[in-house]
*Asks:* 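Okay, handing you the structure first.
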Amino acid sequence: MMTVFTDVICPFCGCLCDDLEITVEGNKIVRTRNACAISASKYMHHEENRIDGPTVDGKAVGIHEAVDAAAEILASARRPLIYGLSSTECGAVAEAVELAELVGGVVDNTSSVCHGPTILALQAVGESKCTLGEVKNRADLVVFWGCNPAEAHIRHLIRYSGMPRGLFVPEGRKGRYIVAVDVRETRMGRVADLFLKIEPNGDFELLSAIRAAVRGHKIRAETVSGVPRQQIEGLAERMKGAKMGVIFFGLGLTQSDGRHMNIDAAVGLVADLNHHTKFVLTPMRGHYNVAGANTVTAWQTGYPYAVDFSRGYPRYNPGEYTSVDLLARGEADAAVVVASDPAAHFPADAARHLGRIPVVTLDQKVSMTALMSKVVIPVATAGIEAEGTAYRMDGVPIRLRKVIEPHEGVLPDAEVLQMIMYRVRELKEGA
Ligand code: SF4
């Protein structure tokens with residue numbers, strides 16, 4: 001029997017598109033509508049490369065045996081790390097934070113290798129932000145700085161920032177002026193009205209020059225970071241004259257020289273522009289629920305990521321308690337990885353240390369991290385086999401839908417984390 005699920009939420013990128021149609025036959029996904037290529041691939045290849053069942057040291061075991069092994073690792077660890085969490089739902093994030101508190105560990109999410117510098121800057125200087133709905137309905141000037149939504153957030157331009165006809169932008173794409181700033185001309189650069197090719201690591205200077213021009217200062221240099229003075233002055237004038245402008249920014253800004261100082265400069269530019277018109281700033285968050293991981297961690301601990309419970313209360317210090325730093329220093333002596341693949345994506349020294357310590361992985365698919373883990377527990381895919389809440393890149397919470405049943409005995413992340421916690425408590429009480 002065929003069932004068509006409408007208004008399904010895509011569990012892939014920070015756009016969190018909520019208009020997908022997924023057709024299921026039996027318990028198999030057979031068709032998608034409205035999904036971009038990345039999303040369609042996630043749904044249609046959902047059954048491929050799955051983890052068959054729980055393992056300890058590569059040997060197949062039952063779920064309870066795997067949970068026991070995970071709990072023993074955590075109960076005896078002195079500096080456990082719990083990492084990942086941006087590709088699972090908020091309930092699982094809440095359990096992970098509680099587990100970190102129980103074992104006196106560090107809980108961190110993928111922000112620490114992504115938009116962590118954005119969070120640091122916004123904590124220091126504040127932010128002017130809005131929802132994507134406001135962008136759709138009002139923005140007539142859209143800047144994409146160091147990001148490439150045409151390839152990484154494929155429906156962003158179609159749904160929110162480029163093409164849609166909005167209440168006060170009735171002409172859609174024709175009513176918006178789109179600017180792309182990047183070190184190379186990506187597909188985004190080619191669809192923009194203005195492309196500024198910036199020298200690598202020149203963001204801080206260029207942002208400061210535009211800011212100076214907005215304030216009415218004369219720029220004496222012929223070029224700043226490779227961009228001619230006329231273009232800088234022209235853009236500053238256009239920004240001041242917009243009805244509403246938005247700067248979307250990505251890893252080109254957060255991971256280049258200056259890091260959080262680049263965001264600091266962007267916030268300063270936006271603050272100056274608000275003397276002339278309405279302007280906002282929004283990070284292009286990557287994974288579909290990395291914003292949720294920050295939000296839930298902040299609700300529970302007061303801090304958004306890199307939270308250390310070793311003293312029994314939460315402490316926050318990115319650079320010290322961030323996963324890469326903790327691993328590269330050889331400090332962590334055990335790790336629980338939920339919905340992430342740090343062995344594939346972390347720098348070599350951090351990944352190498354991960355290979356030396358016992359790792360517990362909760363995931364759907366075989367990954368490099370799963371392959372080197374002591375304990376592996378397959379879990380239901382949030383947004384496909386399990387419900388839950390996720391936060392869109394602009395902070396709007398959306399309820400994920402379940403369209404198929406998980407394999408027999410396969411539980412959602414939150415339930416597995418609860419089982420591990422229960423067992424850790426038993427071990428601690430028995431000790
Ligand atoms: S743009 Fe992102 S959220 Fe939307 S369908 Fe594609 S992958 Fe999914």
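One-based numbering, in listed order, for ligands and for the atoms of each.
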*Asks:* Any pair with a residue in residues 24-36 that passes side chain to side chain donor-acceptor pair (under 3.5 Å), sequence neighbours left out, goes on the list, sorted by first then second residue, please.
*Replies:* Glu21-Arg33
*Asks:* Take Val106 and Phe309 through the side-chain contact (heavy atoms from CB on, under 4.5 Å) test and state the conclusion after the steps.
*Replies:* CA-CA 6 Å; Val106 170; Phe309 280 104; over 6 Å; no
*Asks:* Quick test of your reading: applying side chain to side chain donor-acceptor pair (under 3.5 Å), list the pairs with at least one residue in residues 186-200, sequence neighbours left out, ordered by first then second residue.
*Replies:*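 Counting only pairs at least two positions apart or across chains, the side chain to side chain donor-acceptor pair (under 3.5 Å) contacts touching residues 186-200 are Arg173-Asp193.
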*Asks:* Could you report the tightest heavy-atom contact between Tyr391 and Leu16, atom names first, then the distance?
*Replies:* C-CD2, 3.9 Å
*Asks:* Is a donor from one side chain sitting under 3.5 angstrom from an acceptor on the other, for Asp108 and Ser323?
*Replies:*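 Ser323 and Asp108 do have a side-chain donor-acceptor pair below 3.5 Å.
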*Asks:* Using a strict cut-off of 2.8 Å, how many protein N/O/S atoms surround atom 4 (Fe) of ligand 1?
*Replies:*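 Near atom 4 (Fe) of ligand 1, the number of protein N, O or S atoms below 2.8 Å is 1.
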*Asks:* Suppose we screen for side-chain contact (heavy atoms from CB on, under 4.5 Å). Which residues come up paired with Lys402, at least two apart in sequence or across chains?
*Replies:* Glu387, Glu405, Pro406
